[in-house]
2 protein chains.
Amino acid sequence: MSTEARNTEQKIIASARMVFHQKGLKGARMQDIAKEAGINQALLHYYFRTKDKLFHQVFEEDLFRFMSPLATIMSKTGIDLETRISQIVEYYVEGLTESPNLPLFIVQELTSNPDRLVSIMQKIKQDNLSGNRQVMQNFIYQIEEGIREGKYKKIDPVQFIVSLIGMCVYPFIARPLLKEVFQMDEDQLHQLLIQRKEEVTNYAFSILLKP
Amino acid sequence: MSTEARNTEQKIIASARMVFHQKGLKGARMQDIAKEAGINQALLHYYFRTKDKLFHQVFEEDLFRFMSPLATIMSKTGIDLETRISQIVEYYVEGLTESPNLPLFIVQELTSNPDRLVSIMQKIKQDNLSGNRQVMQNFIYQIEEGIREGKYKKIDPVQFIVSLIGMCVYPFIARPLLKEVFQMDEDQLHQLLIQRKEEVTNYAFSILLKP
DNA sequence: GTCTATAAGCTGATAGAC
DNA sequence: GTCTATCAGCTTATAGAC
């Protein structure tokens, strides 16, 4: 494979990602991707024989990017829960600022084809050297331990985790709604997201810690 | 308009809603909608001349259903903040159980075409006899007042509201992800959603109320 | 109002020259 | 590897009979 080929290939993937994120699998046009990459449709098919193959490559990488850090943070050892929570919030709120459409894209495509998830999950699990279930159960166990010690309130660990991720991810998913409801422009929304990191971390501690 | 016509029309809208919720605007096929309604494509076009018109009718109603109760609850007078919060959580967690795909559908289509929002928002505002901004500012003011009185923690009202809605809506949006990550079947997920009402209400109070 | 048959347009994919 | 030209299939939309 020549250098030129790798360049073109990478350019295509980057363009495809942009278009897929904006329009989804069904809404994206091969013509748009080609144009964005500065090539024509025939060359696009030369590199990736079908739209599905191209999509799969983009999506797999995206899902991995979205899920893997979470699994990594959760499976780290020798780290207290407060730090773990801060890192999760930090990853999502900071990391997603660069790819604000990522969460909606993933959830959208996963809903219309849930089968995709299974195979990709395998890789994430392998990367973290343990089954995903174990990763979660480790994190859950740490919460339960804190509750037993009387340090945390008596909450449901799963509900807590869902809430934590929800608080981080929702503003990215519901961006157009927020802009309209709170009458914000792009700049104000950006400000909200920056400040959100600290705010959500505090909320999580409020939920968890006994007064 | 004959009785038959109203029946067929309603049947079409119900079928269209089902298909649009599952596949989105781009993914939905007029053929699927017709089949679901037990008619053929020509009759579909007889009632709604284009796919876009049919979609718009469904979407407008859905967005109204999704947003209006929130605006109504928020603009109610003579009601304390705790009750207001309980009602919001109740509406979303209970109400959305019947249309679990509604939030993702709305956010998805709104992202790919944000212009839709503006015109529909007008109607919602009119229905609640006040500008949406006023509704929100009323709610925000109530929070600020509690903070001044020393009853609530010093939080950002907008961040709080976004978090509250996020905690309610996120599990519906991320359903396939939750099922895989927590290894749940449809029944367990349903249980989680039922219990969620009380849990999220408590979380909101934990965030808000001073110890 | 409801149907069958068909037109018109778009989109992914390929053939073949360079 | 990259291009132009074109095909084949699908999907929306319409014509016209009943």
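Naming convention: chains lettered A, B, ... in sequence-line order (proteins, then strands); numbering from 1 in each chain. Quick caveat, the model's predicted, so the values are computed rather than measured.
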So, using side-chain hydrogen bond (donor to acceptor under 3.5 Å, both in side chains) as the criterion, who are the partners of [X] when residues are at least two apart?
X: B:Arg84; answer: B:Gln142
X: B:Arg17; answer: B:Asp62
X: B:Arg175; answer: B:Asn101

Rounded to the nearest Å, what distance is computed from the [atom1] atom of residue [X] to the [atom2] atom of nucleotide [N]?
X: A:His45; N: D:dA8; atom1: NE2; atom2: C1'; value: 13 Å
X: A:Gln41; N: C:dC10; atom1: CD; atom2: P; value: 14 Å
X: B:Ile39; N: C:dT4; atom1: CD1; atom2: P; value: 12 Å
X: A:Leu44; N: D:dG1; atom1: CG; atom2: P; value: 15 Å
X: A:Ile12; N: D:dG1; atom1: CD1; atom2: P; value: 11 Å

Tell me the ring-ring contact (aromatic ring centres under 6.0 Å, His included) pairs involving residues 70-99 of chain A, sequence neighbours left out?
A:Phe66-A:Tyr92
Could you name each residue pair satisfying ring-ring contact (aromatic ring centres under 6.0 Å, His included) that touches residues 94-120 of chain B, not counting sequence neighbours?
B:His21-B:Phe105, B:Phe55-B:Phe105, B:Phe59-B:Phe105
Considering only heavy atoms, which members of residues 46-60 of chain B lie under 4.0 Å from some atom of DNA chain D?
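Heavy-atom contacts with DNA chain D come from B:Arg49, B:Thr50, B:Lys51.
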Near-strand residues of residues 20-38 of chain B, defined as heavy-atom separation under 4.0 angstrom from DNA chain D:
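By residue number: B:Ala28, B:Arg29, B:Met30.
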Give a yes or no on whether the backbone of A:Glu180 and the side-chain of A:Gln183 come within a donor-acceptor separation of less than 3.5 Å.
yes
For residues 155-163 of chain A, which side-chain N or O atoms pair as donor and acceptor with protein atoms under 3.5 Å away, sequence neighbours left out?
| residue | atom | partner | partner atom | Å |
| --- | --- | --- | --- | --- |
| A:Asp156 | OD1 | A:Val158 | N | 2.9 |
| A:Gln159 | OE1 | B:Arg196 | NH1 | 2.6 |
| A:Gln159 | NE2 | B:Leu192 | O | 2.9 |
| A:Ser163 | OG | A:Gln159 | O | 2.7 |
| A:Ser163 | OG | B:Arg196 | NH2 | 2.9 |

Does B:Glu198 have more than 12 heavy atoms from other residues, nucleotides or ligands lying within 6.0 Å of its CD?
no
B:Thr8 side chain N/O closer than 4.0 Å to the phosphate oxygens (OP1, OP2) of C:dG1?
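False: B:Thr8 side-chain N/O out of range (4.0 Å or more) of C:dG1 OP1/OP2.
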Identify each atom pair where a protein N or O and an N or O of nucleotides 15-18 of chain D are less than 3.5 Å apart, giving names and distance.
none

Any pair counted as side chain to side chain donor-acceptor pair (under 3.5 Å), so long as it reaches residues 31-57 of chain A, sequence neighbours left out
A:His56-A:Glu60
With salt bridge (charged side-chain N to carboxylate O under 4.0 Å, His left out) as the rule and sequence neighbours excluded, what pairs involving residues 69-82 of chain B come up?
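The answer is B:Glu82-B:Lys151.
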Minimum-distance nucleotide (side-chain atoms of B:Asn40 versus D:dC3, C:dC3, C:dT2)
C:dC3
I'd like to check the ring pair (Phe, Tyr, Trp, His ring centres under 6.0 Å) partners of A:Phe139; sequence neighbours left out, ordered by chain and number.
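Counting only residues at least two positions away or on another chain, A:Phe139 forms no ring pair (Phe, Tyr, Trp, His ring centres under 6.0 Å).
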